2 protein chains.
Amino acid sequence: MQSSPDLLFKALADPSRRALFERLCLEGEQTVGALTAGAGISQPAVSKHLGILKQAGLVQGRDEGRQTHYSAQQRALAPLVDWTGRMNRFWEARFDDLEDLLKRMDQ
Amino acid sequence: MQSSPDLLFKALADPSRRALFERLCLEGEQTVGALTAGAGISQPAVSKHLGILKQAGLVQGRDEGRQTHYSAQQRALAPLVDWTGRMNRFWEARFDDLEDLLKRMDQ
DNA sequence: CATATTCATAACTAAATAGTTATGGGATTA
DNA sequence: TAATCCCATAACTATTTAGTTATGAATATG
């Protein structure tokens with residue numbers, strides 16, 4: 001699933017969700033039960049967070065019997081990287097303009 | 001001001017705040033009045049958003065007479081870039097492990 | 001000095017959100 | 001089949017939050 005920066009920022013703004021996503025990135029695929037274990041919140045809360053992460057395209061669920069294995073969806077962060085890159089680029093462009101200006105003033 | 005990923009994500013999760021920050025990145029320094037003009041929300045709302053962006057280290061205010069000029073604070077995005085980089089790195093590490101495993105299984 | 005302008009803060013309201021407990025459906029196990 | 005386990009959803013609550021209007025402080029202008 002493709003996701004706009006808006007959904008991504010909103011999904012990652014919550015500490016519990018970010019922690020879940022980090023765990024999936026660092027430790028790999030996990031069941032809801034395993035994720036609930038170290039989360040400090042109830043299982044329904046974890047499920048709801050995973051739903052939001054999934055809707056943002058950040059995670060993926062794989063049903064296996066009665067348990068669901070969740071994993072991080074790597075490419076989902078791309079729009080974030082793009083966005084930060086864009087902001088940086090424009091800033092540098094303005095900085096270059098300033099440098100140009102200063103150079104021209106020097107002459 | 002230094003900022004943790006948490007403050008950054010929270011600050012940038014709101015569309016109005018992100019729009020303000022983008023304008024400051026793309027168009028450079030602006031007064032509150034100028035920012036309010038194209039924002040679609042009231043001046044107090046803009047001021048409040050700017051306060052939150054400032055607390056997250058994303059913008060900087062410069063008093064000049066009765067108006068305040070705000071500008072984007074470039075380095076503030078660094079923790080975000082770091083964070084996304086970390087997540088990517090771990091994912092790639094797991095991917096490398098998988099490749100290693102497959103190679104070893106091949107032999 | 002009197003008036004107008006610019007911004008920030010206070011006080012309030014409506015909506016969104018993150019958590020809870022309760023429940024039920026589907027899959028395993030005895 | 002009966003009991004158990006895993007997860008998702010429903011229903012509710014408390015808190016946070018994004019917006020509003022009102023106001024005031026500081027600066028500029030007539």
Side-chain angles (χ1 to χ4, degrees), chain A residues 1 3-24 27-73, chain B residues 1 3-24 27-73:
Chain A
M1 188 189 184
S3 185
S4 71
D6 188 63
L7 273 178
L8 288 181
F9 274 117
K10 283 210 168 110
L12 295 171
D14 183 82
S16 300
R17 274 196 294 274
R18 210 165 50 248
L20 287 171
F21 180 70
E22 285 176 2
R23 280 188 62 186
L24 291 176
E27 307 167 11
E29 195 180 75
Q30 310 255 355
T31 67
V32 176
L35 289 169
T36 299
I41 53 179
S42 65
Q43 173 268 311
V46 170
S47 277
K48 197 153 61 169
H49 282 309
L50 288 171
I52 292 171
L53 289 170
K54 185 174 173 185
Q55 200 167 356
L58 285 163
V59 305
Q60 196 180 16
R62 178 175 64 82
D63 285 4
E64 183 181 318
R66 60 186 168 187
Q67 46 196 4
T68 308
H69 298 256
Y70 280 92
S71 57
Q73 192 80 6
Chain B
M1 187 190 186
S3 186
S4 70
D6 188 62
L7 272 178
L8 288 181
F9 274 117
K10 282 210 169 109
L12 294 171
D14 182 83
S16 300
R17 275 196 293 273
R18 210 166 50 247
L20 286 171
F21 181 70
E22 286 176 2
R23 278 188 63 187
L24 290 176
E27 306 167 11
E29 194 181 74
Q30 309 255 355
T31 68
V32 176
L35 289 170
T36 300
I41 53 179
S42 67
Q43 173 268 312
V46 170
S47 278
K48 200 155 55 171
H49 282 309
L50 288 171
I52 292 171
L53 288 171
K54 185 175 174 184
Q55 200 167 357
L58 285 163
V59 304
Q60 196 180 16
R62 178 175 65 81
D63 284 4
E64 184 182 319
R66 61 185 167 188
Q67 46 197 2
T68 308
H69 298 257
Y70 280 91
S71 56
Q73 193 79 6

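Sequence lines set the chain letters: A, B, ... in the order given, protein chains first and strands last, and positions in each chain run from 1. Just so it is clear, the model here is predicted, and its values are computed rather than measured.
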For a side-chain contact (heavy atoms from CB on, under 4.5 Å) check, start with the C-alpha distance between B/Leu58 and B/Leu12, then their side-chain angles and the critical distance, and finish with the verdict. CA-CA 9 Å; B/Leu58 285 163; B/Leu12 294 171; 3.8 Å; yes
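Listed pair B/Tyr70 / C/dA8 meets the phosphate criterion, a side-chain N or O lying under 4.0 Å from OP1 or OP2. OP1 and OP2 of C/dT17 both lie 4.0 Å or more from every side-chain N or O belonging to A/Arg17. Distances shorter than 4.0 Å separate some side-chain N or O of A/Ser16 from OP1 or OP2 on C/dG19.
Protein chain A contacts DNA chain D from D/dT4 to D/dT9, reading 5' to 3' and using non-hydrogen atoms of the protein with a distance under 4.0 Å.
Rounded to a whole Å, the NZ atom of B/Lys48 is 13 Å from the P atom of C/dA8. Atom CZ in B/Arg62 sits roughly 15 Å away from atom C1' in C/dT6 (whole-Å rounding). Between A/Asp14 atom CG and C/dA16 atom P there is a gap of 17 Å when expressed in whole angstrom units. The separation between A/Leu12 atom CG and C/dT17 atom P is 15 Å, rounded to whole Å. Look at CG on B/Leu50: it is 16 Å from P on C/dT6, rounded to the nearest Å.
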Its contact letters, B for base, S for sugar-phosphate only and - for none at protein heavy atoms under 4.0 Å, make nucleotides 23-30 of chain C read ---BBB--
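Side chains of A/Leu53 and A/Gln73 form no contact here, defined as non-hydrogen atoms less than 4.5 Å apart.
Screening residues 29-53 of chain A for salt bridge (charged side-chain N to carboxylate O under 4.0 Å, His left out) gives A/Glu29-A/Arg62 as the qualifying pairs, with residues at least two apart or on separate chains. Applying the salt bridge (charged side-chain N to carboxylate O under 4.0 Å, His left out) test to pairs two or more places apart or on separate chains, those with a residue in residues 10-21 of chain A are A/Asp6-A/Lys10, A/Arg18-B/Asp6.
Near DNA chain C, meaning a heavy atom under 4.0 Å away, the residues from residues 29-42 of chain A are A/Ile41, A/Ser42.
Taking each heavy atom of A/Arg23 and A/Ala39 in turn, the nearest pair found is NH1-N, 4.3 Å. What you find for B/Gly61 and B/Thr68 is that their closest heavy atoms are CA-CG2, 4.1 Å. When all heavy atoms are compared, the tightest approach of B/Val59 to B/Leu50 is CG2-O, 3.8 Å. Between B/Leu7 and B/Gln55, the shortest heavy-atom contact is CD1-O, 4.1 Å. Here the shortest heavy-atom pairing between B/Leu24 and B/Ala72 reads CB-N, 3.9 Å.
B/Gln43 and B/Ser47 are linked by a side-chain donor-acceptor pair at a separation below 3.5 angstrom, with hydrogens and angles left out of the test.
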Indicate every side-chain donor-acceptor pair of residues 30-38 of chain B with a distance under 3.5 Å to a residue at least two apart or in another chain.
from	atom 1	to	atom 2	distance (Å)
B/Gln30	NE2	B/Glu27	OE1	2.8
B/Thr31	OG1	B/Ala34	N	3.1
B/Thr36	OG1	B/Val32	O	2.8

